[in-house]
J.: 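Let me give you the structure first, and then I'll get to my questions.
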Amino acid sequence: MEIDEKDERIDKIDQILNDEIDIDVNQEGEEAEFSSLQDKYQINSGEALNSSDIYRIAAKESTRMIVLVGPVASGKTTMETSLYQLFQNSPVNDFCFAGSYSLQGFEQRAFYTRIKSKGNEPTTQRTSLEDNQAFLHIRLWNRNNNVISNLILADISGEAFTNHIGQVDEAKISFPFIERADYVVGIIDGEKLCNKKTRNSIVSEMIEMIRTFWDAELITDGCVLQIVFSKFDIFSKVENHNLILEKIKQQIVARLSELFMDIEYYNVAAMPSTIDEFSVGYGLEDLLQGWVRKHVRKSSRKMEEPFDELTEYDRLYYKFLGELNE
(Lines give C-alpha, C1' and ligand atoms only; values in the text may rest on other atoms or scores of the structure.)
Protein backbone atom coordinates (compact mmCIF):
# COMPACT_ATOMS: atom_id res chain seq x y z
CA MET A 1 0.00 0.00 0.00
CA GLU A 2 2.77 2.41 0.94
CA ILE A 3 4.59 1.55 -2.30
CA ASP A 4 1.47 2.38 -4.38
CA GLU A 5 1.03 5.76 -2.65
CA LYS A 6 4.72 6.51 -3.15
CA ASP A 7 4.47 5.66 -6.88
CA GLU A 8 1.37 7.85 -7.22
CA ARG A 9 3.17 10.84 -5.63
CA ILE A 10 6.13 10.34 -7.96
CA ASP A 11 3.79 10.31 -10.99
CA LYS A 12 2.21 13.61 -9.90
CA ILE A 13 5.62 15.21 -9.38
CA ASP A 14 6.68 14.04 -12.86
CA GLN A 15 3.56 15.62 -14.36
CA ILE A 16 4.22 18.94 -12.62
CA LEU A 17 7.86 18.98 -13.68
CA ASN A 18 7.16 17.86 -17.24
CA ASP A 19 8.71 20.66 -19.34
CA GLU A 20 7.38 19.28 -22.59
CA ILE A 21 3.76 19.95 -21.63
CA ASP A 22 4.47 23.52 -20.50
CA ILE A 23 6.51 24.30 -23.60
CA ASP A 24 3.82 23.05 -25.99
CA VAL A 25 1.14 25.14 -24.32
CA ASN A 26 3.28 28.31 -24.34
CA GLN A 27 4.30 27.81 -27.94
CA GLU A 28 0.70 27.53 -29.08
CA GLY A 29 -0.23 30.68 -27.17
CA GLU A 30 2.73 32.67 -28.48
CA GLU A 31 2.15 31.51 -32.03
CA ALA A 32 -1.50 32.52 -31.84
CA GLU A 33 -0.59 35.91 -30.41
CA PHE A 34 2.10 36.47 -33.06
CA SER A 35 -0.36 35.45 -35.80
CA SER A 36 -2.88 37.93 -34.43
CA LEU A 37 -0.29 40.73 -34.49
CA GLN A 38 0.63 39.85 -38.05
CA ASP A 39 -3.00 40.16 -39.09
CA LYS A 40 -3.32 43.63 -37.58
CA TYR A 41 -0.03 45.23 -38.66
CA GLN A 42 -0.14 47.07 -41.99
CA ILE A 43 2.83 48.40 -43.95
CA ASN A 44 2.29 51.73 -45.70
CA SER A 45 2.04 51.27 -49.47
CA GLY A 46 3.87 54.50 -50.27
CA GLU A 47 1.14 55.57 -52.68
CA ALA A 48 -0.24 59.11 -52.60
CA LEU A 49 -2.45 59.63 -49.56
CA ASN A 50 -6.15 60.29 -49.27
CA SER A 51 -7.79 62.78 -46.93
CA SER A 52 -8.32 60.21 -44.16
CA ASP A 53 -4.54 59.59 -43.96
CA ILE A 54 -3.70 63.20 -43.17
CA TYR A 55 -4.92 63.19 -39.57
CA ARG A 56 -2.60 60.30 -38.66
CA ILE A 57 0.40 62.45 -39.61
CA ALA A 58 -0.86 65.75 -38.19
CA ALA A 59 -1.74 64.13 -34.86
CA LYS A 60 1.89 63.13 -34.26
CA GLU A 61 4.04 66.05 -35.42
CA SER A 62 3.96 69.63 -36.66
CA THR A 63 2.28 69.60 -40.08
CA ARG A 64 1.61 72.22 -42.74
CA MET A 65 -1.01 71.75 -45.45
CA ILE A 66 -0.22 73.35 -48.80
CA VAL A 67 -2.87 73.47 -51.54
CA LEU A 68 -1.55 74.25 -55.02
CA VAL A 69 -4.28 75.82 -57.15
CA GLY A 70 -4.04 76.26 -60.90
CA PRO A 71 -5.40 75.20 -64.30
CA VAL A 72 -4.27 72.19 -66.30
CA ALA A 73 -0.54 72.09 -67.18
CA SER A 74 0.29 75.16 -65.08
CA GLY A 75 3.11 73.31 -63.29
CA LYS A 76 1.62 72.16 -59.97
CA THR A 77 2.81 68.54 -60.09
CA THR A 78 6.14 69.54 -61.61
CA MET A 79 6.82 71.82 -58.64
CA GLU A 80 5.97 69.08 -56.14
CA THR A 81 8.11 66.41 -57.77
CA SER A 82 11.01 68.80 -58.37
CA LEU A 83 11.01 69.74 -54.68
CA TYR A 84 11.14 66.06 -53.78
CA GLN A 85 14.03 65.43 -56.19
CA LEU A 86 16.06 68.34 -54.83
CA PHE A 87 16.55 66.28 -51.67
CA GLN A 88 17.97 63.33 -53.67
CA ASN A 89 21.35 65.04 -53.98
CA SER A 90 21.78 67.07 -50.80
CA PRO A 91 19.96 68.97 -48.07
CA VAL A 92 18.06 72.07 -49.16
CA ASN A 93 19.41 74.95 -47.07
CA ASP A 94 19.14 73.68 -43.47
CA PHE A 95 16.54 71.02 -44.29
CA CYS A 96 17.24 67.32 -44.71
CA PHE A 97 14.83 64.76 -46.10
CA ALA A 98 13.51 62.72 -43.17
CA GLY A 99 11.06 60.38 -44.85
CA SER A 100 7.72 60.25 -46.63
CA TYR A 101 4.52 58.24 -46.45
CA SER A 102 4.07 58.77 -50.20
CA LEU A 103 7.43 57.81 -51.73
CA GLN A 104 5.79 55.68 -54.40
CA GLY A 105 3.42 58.53 -55.23
CA PHE A 106 6.36 60.87 -55.77
CA GLU A 107 8.24 58.30 -57.84
CA GLN A 108 5.26 57.69 -60.10
CA ARG A 109 4.93 61.40 -60.78
CA ALA A 110 8.67 61.96 -61.21
CA PHE A 111 9.28 59.07 -63.64
CA TYR A 112 8.86 61.13 -66.82
CA THR A 113 11.44 63.67 -65.67
CA ARG A 114 14.21 61.07 -65.74
CA ILE A 115 16.42 59.62 -68.44
CA LYS A 116 15.08 56.10 -68.02
CA SER A 117 11.65 57.28 -69.17
CA LYS A 118 13.28 57.78 -72.64
CA GLY A 119 11.31 60.97 -73.16
CA ASN A 120 12.50 63.77 -75.42
CA GLU A 121 12.22 66.33 -72.64
CA PRO A 122 11.47 66.23 -68.90
CA THR A 123 7.80 66.37 -68.02
CA THR A 124 5.41 65.11 -65.36
CA GLN A 125 2.37 62.92 -65.67
CA ARG A 126 -0.88 64.85 -65.64
CA THR A 127 -2.90 64.43 -62.44
CA SER A 128 -6.01 62.36 -63.09
CA LEU A 129 -9.40 63.91 -62.39
CA GLU A 130 -10.51 60.57 -60.98
CA ASP A 131 -7.54 60.19 -58.63
CA ASN A 132 -8.77 60.04 -55.04
CA GLN A 133 -5.26 59.69 -53.62
CA ALA A 134 -4.29 63.31 -54.04
CA PHE A 135 -1.92 64.17 -51.20
CA LEU A 136 1.86 63.91 -51.11
CA HIS A 137 3.88 63.93 -47.89
CA ILE A 138 7.40 65.12 -47.09
CA ARG A 139 8.98 64.97 -43.63
CA LEU A 140 11.88 67.38 -43.06
CA TRP A 141 14.51 67.73 -40.35
CA ASN A 142 16.05 71.13 -39.71
CA ARG A 143 19.67 70.38 -38.81
CA ASN A 144 20.09 73.90 -37.47
CA ASN A 145 17.51 73.70 -34.66
CA ASN A 146 16.66 69.97 -34.68
CA VAL A 147 12.99 70.63 -35.55
CA ILE A 148 10.85 68.18 -37.52
CA SER A 149 8.31 69.53 -40.01
CA ASN A 150 5.78 67.71 -42.16
CA LEU A 151 4.44 69.08 -45.44
CA ILE A 152 1.21 67.80 -46.98
CA LEU A 153 0.93 68.83 -50.64
CA ALA A 154 -2.49 68.61 -52.29
CA ASP A 155 -2.01 67.39 -55.87
CA ILE A 156 -5.40 68.09 -57.49
CA SER A 157 -6.24 68.05 -61.19
CA GLY A 158 -6.30 71.52 -62.75
CA GLU A 159 -9.48 70.53 -64.54
CA ALA A 160 -11.18 70.05 -61.18
CA PHE A 161 -10.29 73.61 -60.19
CA THR A 162 -11.41 75.27 -63.42
CA ASN A 163 -14.69 73.34 -63.41
CA HIS A 164 -15.56 74.84 -60.03
CA ILE A 165 -14.91 78.51 -60.79
CA GLY A 166 -17.96 80.42 -59.57
CA GLN A 167 -19.58 77.20 -58.26
CA VAL A 168 -19.53 78.01 -54.56
CA ASP A 169 -21.80 75.22 -53.31
CA GLU A 170 -20.06 72.58 -55.42
CA ALA A 171 -16.64 73.79 -54.25
CA LYS A 172 -17.68 73.29 -50.61
CA ILE A 173 -18.51 69.66 -51.35
CA SER A 174 -15.53 68.87 -53.59
CA PHE A 175 -12.72 70.61 -51.69
CA PRO A 176 -13.46 70.40 -47.94
CA PHE A 177 -9.74 69.81 -47.20
CA ILE A 178 -8.92 73.41 -48.18
CA GLU A 179 -10.23 74.43 -44.75
CA ARG A 180 -7.11 72.79 -43.28
CA ALA A 181 -4.73 74.69 -45.57
CA ASP A 182 -1.99 76.82 -44.05
CA TYR A 183 -0.99 78.01 -47.53
CA VAL A 184 -2.99 78.37 -50.73
CA VAL A 185 -0.57 78.62 -53.64
CA GLY A 186 -1.99 80.08 -56.84
CA ILE A 187 -0.01 78.93 -59.88
CA ILE A 188 0.04 81.30 -62.86
CA ASP A 189 1.50 79.71 -65.98
CA GLY A 190 4.48 81.84 -67.06
CA GLU A 191 4.48 80.33 -70.53
CA LYS A 192 0.91 81.51 -71.16
CA LEU A 193 1.78 84.95 -69.82
CA CYS A 194 4.06 85.33 -72.84
CA ASN A 195 0.99 85.65 -75.05
CA LYS A 196 -0.54 89.14 -74.87
CA LYS A 197 -3.92 87.81 -75.98
CA THR A 198 -4.24 85.30 -73.12
CA ARG A 199 -2.34 87.17 -70.40
CA ASN A 200 -5.29 88.95 -68.77
CA SER A 201 -7.57 85.93 -68.94
CA ILE A 202 -4.97 83.72 -67.22
CA VAL A 203 -4.63 86.15 -64.31
CA SER A 204 -8.40 86.70 -64.05
CA GLU A 205 -8.98 82.94 -63.99
CA MET A 206 -6.64 82.55 -61.01
CA ILE A 207 -8.30 85.42 -59.14
CA GLU A 208 -11.74 83.89 -59.70
CA MET A 209 -10.53 80.50 -58.43
CA ILE A 210 -9.30 82.04 -55.19
CA ARG A 211 -12.46 84.11 -54.73
CA THR A 212 -14.62 81.02 -55.27
CA PHE A 213 -12.86 79.21 -52.42
CA TRP A 214 -13.15 82.30 -50.24
CA ASP A 215 -16.87 82.69 -50.94
CA ALA A 216 -17.30 79.00 -50.14
CA GLU A 217 -15.74 79.76 -46.72
CA LEU A 218 -12.99 77.22 -47.37
CA ILE A 219 -10.13 79.67 -46.81
CA THR A 220 -9.79 80.31 -43.10
CA ASP A 221 -8.34 83.29 -41.24
CA GLY A 222 -4.58 83.00 -41.06
CA CYS A 223 -4.24 81.10 -44.35
CA VAL A 224 -1.44 82.64 -46.41
CA LEU A 225 -1.93 83.31 -50.12
CA GLN A 226 1.16 82.76 -52.27
CA ILE A 227 1.22 83.52 -55.98
CA VAL A 228 3.77 81.57 -58.03
CA PHE A 229 4.74 82.54 -61.56
CA SER A 230 5.74 79.13 -62.92
CA LYS A 231 7.94 78.36 -65.95
CA PHE A 232 9.80 81.58 -65.22
CA ASP A 233 12.68 80.50 -67.46
CA ILE A 234 10.33 80.95 -70.43
CA PHE A 235 8.57 84.09 -69.25
CA SER A 236 11.87 85.82 -68.36
CA LYS A 237 12.70 86.01 -72.08
CA VAL A 238 9.76 88.33 -72.72
CA GLU A 239 10.72 91.97 -73.13
CA ASN A 240 9.93 94.06 -70.03
CA HIS A 241 8.81 90.96 -68.13
CA ASN A 242 9.48 92.61 -64.75
CA LEU A 243 7.17 95.49 -65.65
CA ILE A 244 4.50 93.02 -66.74
CA LEU A 245 4.79 91.18 -63.41
CA GLU A 246 4.35 94.42 -61.48
CA LYS A 247 1.14 95.18 -63.35
CA ILE A 248 -0.14 91.67 -62.67
CA LYS A 249 0.63 92.03 -58.97
CA GLN A 250 -1.29 95.32 -58.89
CA GLN A 251 -4.23 93.58 -60.50
CA ILE A 252 -4.13 90.80 -57.90
CA VAL A 253 -3.86 93.24 -55.00
CA ALA A 254 -6.81 95.25 -56.29
CA ARG A 255 -9.01 92.13 -56.31
CA LEU A 256 -7.75 90.10 -53.35
CA SER A 257 -6.16 92.46 -50.80
CA GLU A 258 -9.49 92.78 -48.97
CA LEU A 259 -9.45 89.01 -48.41
CA PHE A 260 -5.82 88.49 -47.40
CA MET A 261 -3.64 90.56 -45.09
CA ASP A 262 -0.49 89.57 -47.00
CA ILE A 263 0.10 88.15 -50.46
CA GLU A 264 3.50 86.64 -51.27
CA TYR A 265 4.98 86.27 -54.76
CA TYR A 266 7.54 83.77 -56.10
CA ASN A 267 9.22 83.19 -59.47
CA VAL A 268 9.76 79.47 -60.09
CA ALA A 269 11.36 77.43 -62.86
CA ALA A 270 10.97 73.93 -61.43
CA MET A 271 12.07 72.06 -64.54
CA PRO A 272 13.73 74.53 -66.95
CA SER A 273 14.26 73.46 -70.55
CA THR A 274 17.98 74.32 -70.21
CA ILE A 275 20.18 74.97 -67.20
CA ASP A 276 22.21 77.77 -68.77
CA GLU A 277 20.46 80.52 -66.80
CA PHE A 278 18.19 78.65 -64.40
CA SER A 279 19.06 75.60 -62.33
CA VAL A 280 16.60 72.77 -61.74
CA GLY A 281 14.23 73.76 -58.96
CA TYR A 282 14.87 77.48 -59.36
CA GLY A 283 12.81 79.39 -56.78
CA LEU A 284 11.65 76.29 -54.87
CA GLU A 285 14.10 76.84 -52.01
CA ASP A 286 12.55 80.23 -51.29
CA LEU A 287 9.07 78.73 -51.51
CA LEU A 288 10.06 75.95 -49.11
CA GLN A 289 11.38 78.51 -46.63
CA GLY A 290 8.03 80.27 -46.85
CA TRP A 291 6.20 77.05 -45.95
CA VAL A 292 8.27 76.00 -42.95
CA ARG A 293 9.01 79.35 -41.33
CA LYS A 294 7.05 80.42 -38.30
CA HIS A 295 4.58 83.08 -39.36
CA VAL A 296 2.23 85.26 -37.35
CA ARG A 297 -1.35 84.39 -38.12
CA LYS A 298 -3.26 87.41 -39.33
CA SER A 299 -6.95 87.89 -39.91
CA SER A 300 -8.63 89.90 -42.63
CA ARG A 301 -11.57 90.35 -40.28
CA LYS A 302 -11.72 93.53 -38.27
CA MET A 303 -13.04 93.91 -34.77
CA GLU A 304 -16.76 94.56 -35.07
CA GLU A 305 -17.25 95.52 -31.42
CA PRO A 306 -15.56 98.11 -29.21
CA PHE A 307 -12.84 96.79 -26.91
CA ASP A 308 -14.92 97.33 -23.75
CA GLU A 309 -17.72 95.14 -25.08
CA LEU A 310 -15.54 92.18 -25.99
CA THR A 311 -15.60 89.06 -23.82
CA GLU A 312 -12.37 87.74 -22.36
CA TYR A 313 -12.47 84.92 -24.91
CA ASP A 314 -12.80 87.37 -27.83
CA ARG A 315 -10.00 89.54 -26.47
CA LEU A 316 -7.73 86.51 -26.33
CA TYR A 317 -8.73 85.62 -29.90
CA TYR A 318 -7.84 89.05 -31.28
CA LYS A 319 -4.60 89.13 -29.30
CA PHE A 320 -3.67 85.83 -30.90
CA LEU A 321 -4.28 87.35 -34.31
CA GLY A 322 -2.24 90.41 -33.45
CA GLU A 323 -5.11 92.84 -33.92
CA LEU A 324 -5.59 93.99 -30.35
CA ASN A 325 -3.31 96.39 -28.52
CA GLU A 326 -4.39 97.27 -25.00
Side-chain angles (χ1 to χ4, degrees), residues 66-80 82-83 93 158 161-162 165-166 181-215 219 221-293 295-300 302 322:
I66 298 101
V67 178
L68 278 68
V69 177
V72 173
S74 57
K76 301 182 298 298
T77 303
T78 303
M79 286 174 51
E80 293 166 339
S82 296
L83 178 63
N93 293 328
F161 287 128
T162 53
I165 293 177
D182 297 285
Y183 298 90
V184 170
V185 184
I187 312 296
I188 298 180
D189 190 335
E191 185 174 10
K192 292 182 179 179
L193 288 179
C194 297
N195 189 333
K196 293 181 180 180
K197 295 180 180 180
T198 61
R199 186 176 298 157
N200 288 333
S201 62
I202 292 299
V203 177
S204 296
E205 182 181 49
M206 173 53 59
I207 292 173
E208 291 306 317
M209 282 186 195
I210 300 299
R211 291 197 68 97
T212 297
F213 297 139
W214 179 273
D215 293 339
I219 298 178
D221 284 331
C223 179
V224 177
L225 175 62
Q226 298 174 321
I227 300 296
V228 169
F229 300 102
S230 66
K231 306 175 188 177
F232 190 71
D233 57 312
I234 299 175
F235 179 65
S236 64
K237 298 176 182 178
V238 174
E239 186 179 358
N240 296 323
H241 66 274
N242 286 325
L243 180 60
I244 295 172
L245 283 186
E246 287 304 314
K247 290 182 178 179
I248 293 174
K249 292 176 184 179
Q250 291 173 9
Q251 185 179 349
I252 293 172
V253 168
R255 298 284 303 279
L256 298 178
S257 61
E258 61 180 306
L259 310 182
F260 297 90
M261 297 293 290
D262 292 309
I263 303 176
E264 302 174 359
Y265 301 93
Y266 297 87
N267 301 328
V268 172
M271 193 64 63
S273 54
T274 65
I275 56 173
D276 296 334
E277 298 182 39
F278 298 90
S279 59
V280 174
Y282 174 85
L284 289 180
E285 293 187 13
D286 293 336
L287 192 58
L288 176 63
Q289 288 286 356
W291 291 341
V292 297
R293 73 171 183 269
H295 70 278
V296 178
R297 294 176 64 89
K298 297 180 180 179
S299 173
S300 60
K302 304 299 181 183

J.: Could you tell me whether a side-chain N or O of Ser279 sits under 3.5 Å from a main-chain N or O of Ile275, the two making a donor and an acceptor?
T.: no
J.: Find the distance between CD1 (Ile202) and CD1 (Ile188) and round it off to the nearest 0.5 Å.
T.: 9.0 Å
J.: Do Asp262 and Val224 have side chains that get closer than 4.5 Å, going by heavy atoms?
T.: no
J.: Which atoms form the tightest heavy-atom contact between Ala270 and Val280, and what is the distance?
T.: O-CG1, 3.6 Å
J.: Are the side chains of Arg211 and Leu256 in touch, meaning some heavy atoms are under 4.5 Å apart?
T.: yes
J.: Can you find a heavy atom in the side chain of Trp291 that is under 4.5 Å from one in the side chain of Leu83?
T.: yes
J.: Distance from Leu68 atom CG to Ile187 atom CD1, nearest 0.5 Å?
T.: 4.5 Å
J.: Name each donor-acceptor pair under 3.5 Å that joins a side chain in residues 240-253 to protein atoms two or more places apart or in another chain, with its distance.
T.:
{"from": "His241", "atom 1": "ND1", "to": "Ser236", "atom 2": "O", "distance (Å)": "3.1"}
{"from": "His241", "atom 1": "ND1", "to": "Val238", "atom 2": "O", "distance (Å)": "3.3"}

J.: Just so I know, are the side chains of Val69 and Val184 near enough to count as touching, which here means a heavy-atom distance under 4.5 Å?
T.: yes
J.: How long is the gap from CH2 on Trp214 to CD on Glu258, to the nearest 0.5 Å?
T.: 9.0 Å
J.: Do any N or O atoms from the side chain of Tyr183 and from the backbone of Gly290 form a donor-acceptor pair under 3.5 angstrom?
T.: yes
J.: Does anything in residues 186-198 pair up under salt bridge (charged side-chain N to carboxylate O under 4.0 Å, His left out), and if so which pairs, sequence neighbours excluded?
T.: Asp189-Lys231, Glu191-Lys231
J.: If you measure from CG on Leu259 to CD1 on Ile219, what distance do you get to the nearest 0.5 Å?
T.: 7.5 Å
J.: Is there a donor-acceptor contact under 3.5 Å from the side chain of Ser74 to the main chain of Pro71?
T.: yes
J.: Using side chain to side chain donor-acceptor pair (under 3.5 Å) as the criterion, list what pairs up with Glu208, not counting sequence neighbours.
T.: Arg255
J.: Going through the distances and angles, do Tyr265 and Gln226 end up as a side-chain contact (heavy atoms from CB on, under 4.5 Å)?
T.: CA-CA 6 Å; Tyr265 301 93; Gln226 298 174 321; over 6 Å; no
J.: Side chains of Asp286 and Tyr266: closer than 4.5 Å at any heavy-atom pair?
T.: yes
J.: With Glu205, which residues qualify under side chain to side chain donor-acceptor pair (under 3.5 Å), at least two apart?
T.: none
J.: From Met261 CE over to Cys223 SG, what is the distance, rounded to the nearest 0.5 angstrom?
T.: 14.0 Å
J.: Could you tell me which non-hydrogen atom of Phe235 sits nearest to which non-hydrogen atom of Cys194, and how far apart they are?
T.: CA-SG, 3.8 Å
J.: Within the 4.5 Å heavy-atom criterion, are Phe229 and Leu193 side-chain neighbours or not?
T.: yes
J.: Quick one: does Ile66's side chain get under 4.5 Å of Asp182's, heavy atoms only?
T.: no
J.: Can you name the residues that form a side chain to side chain donor-acceptor pair (under 3.5 Å) with Tyr282, not counting sequence neighbours?
T.: none
J.: For Glu277, enumerate each residue passing the salt bridge (Lys or Arg N to Asp or Glu O under 4.0 Å) test, keeping only those at least two apart in sequence or located in another chain.
T.: none
J.: Go through the steps for Met206 and Ile210 under the test side-chain contact (heavy atoms from CB on, under 4.5 Å), then give the verdict.
T.: CA-CA 6 Å; Met206 173 53 59; Ile210 300 299; 4.1 Å; yes
J.: Using only atom types and a distance under 3.5 Å, with no angle test, would you say the side chain of Thr212 pairs donor to acceptor with the backbone of Gly166?
T.: yes
J.: I'd like to know whether Met271 forms a side-chain contact (heavy atoms from CB on, under 4.5 Å) with Asp233, so could you lay out the CA-CA distance, the side-chain angles of the two residues, the decisive distance to 0.1 Å, and finally the verdict.
T.: CA-CA 9 Å; Met271 193 64 63; Asp233 57 312; over 6 Å; no
